[in-house]
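Worksheet for the structure shown next.
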Amino acid sequence: MSDTPRPIVIANWKMYLGYAESVRAARAVRTLLARTAGRGIDVVVCPAFPVLESVAQVLRGSRIGVGVQDLHPEAAGPYTGDVSVALVRGRARFAIVGHSERRRAYGETDALVAAKALRAIRSGISPIVCVGETLEEREQGETIPTLRRQASAVVAALPALSLVRSLLVYEPVWAISRGPGKPSPQPRPEEAVQLIGLLRKVAADRHGTKAASRLRILYGGSVDARTVGPFSAEPGVDGVLVGAASTAPVSLAAITREVLRCHS
Ligand code: PGA
């Protein structure tokens, strides 16, 4: 088996779609990607919690994975409004943790994000850990220390053997879109590749090059079918996390085919 990880496209539907829309979108994604997903490329859809069961049902038996957009680090307890691993097990095999929208709106710390990632791994769920600098950090020349700090906290918490089941996403906070059709400026692909290289080095410094080479590291931020090419064509970038542009099934399918083409 080749050590190069398989590329992956993750759809983060955030809070964009309603209940019926999510189910319809899942059905369309299943149809559109029937011959592509799981054949040289992985695809994961992350709907909102209330629709998780229905979306999981639509995608059951397909090669499209299902993820959640967050996870609580504790197994159970007095946590109003939160969702435990036990509540998603059997439906989701992936969990986004540390998304910048949660770091910002809920003050999530590196330690909390690391605890969520560890809880996921221990429960057989692959964590998709987001890291990235804000515009302010970038302007102050703090990009590298910020990424180092965020990534170190996570890789230090995870066992080396779990890296093959974990994902890290470089999402410059300033590059995340403001909604469908409202893309933000993106970094130059070379810059994103360089910073993804830095993230891999952080993992290698902790767990060795071999384990780090199995960790899938993705790019995210205003990706659509038109812009994804230069990011996914670069070696070392194992796929993309897509928000707004993933809510339209045709666009998600086009992005997936483009990433696959770049990796073939
Ligand atoms: P975007 O979102 O593709 O809409 O920029 C990416 C993300 O934040 O996950």
Check whether any side-chain heavy atom of [X] sits under 4.5 Å from a side-chain heavy atom of [Y], and report yes or no.
X    : Y    : value
Y219 : V193 : no
R91  : E53  : yes
H207 : L215 : no
D70  : E108 : yes
V51  : V23  : yes
F94  : I10  : no
L198 : Q194 : no
I96  : C130 : yes

Note to self: Strictly below 4.0 Å, N to O, side chains only: are R63 and D42 in salt-bridge contact?
What the structure shows: no

What pair of heavy atoms forms the shortest contact from [X] to [Y], and how long is it?
X    : Y    : result
L52  : G67  : CD1-O, 4.3 Å
A48  : K14  : CB-O, 4.1 Å
P187 : E191 : CB-OE1, 4.0 Å
V173 : S100 : CG2-CB, 3.6 Å
P180 : Y16  : CD-CE2, 3.6 Å
A192 : F231 : CB-CE2, 3.9 Å

Give a yes or no on whether the backbone of [Y] and the side-chain of [X] come within a donor-acceptor separation of less than 3.5 Å.
X    : Y    : answer
R206 : A212 : no
R216 : R6   : yes
R103 : G98  : yes
S162 : L158 : no
H99  : Q69  : no
R39  : A34  : yes
S222 : A175 : yes
R102 : V113 : no
Q150 : G132 : yes
E258 : R226 : no

Could you grab the distance from atom [atom1] of [X] to atom [atom2] of [Y], nearest 0.5 Å is fine?
X    : Y    : atom1 : atom2 : result
L71  : S84  : CG    : OG    : 7.5 Å
R257 : L252 : CZ    : CG    : 9.5 Å
L87  : F49  : CG    : CZ    : 8.5 Å
R138 : I144 : CZ    : CD1   : 11.0 Å
L147 : E142 : CG    : CD    : 11.0 Å
S232 : I255 : OG    : CD1   : 9.5 Å

Check: Has R165 got more than 12 heavy atoms of other residues, nucleotides or ligands less than 6.0 Å from its CZ?
Finding: yes

Note to self: Counting neighbours of CD on E190 that are heavy atoms of other residues, nucleotides or ligands and sit closer than 6.0 Å, is the number greater than 12?
What the structure shows: yes

According to a hydrophobic-cluster definition based on side-chain heavy atoms being under 4.5 Å apart (Ile, Leu, Val, Met, Phe, Trp, Tyr only), do [X] and [Y] belong together?
X    : Y    : value
L260 : V250 : no
V68  : Y19  : yes
I121 : V155 : no
V9   : V223 : yes
V58  : I64  : yes

Check: When you check the side-chain N and O atoms of W174 and E133, is any donor under 3.5 Å from an acceptor?
Finding: yes

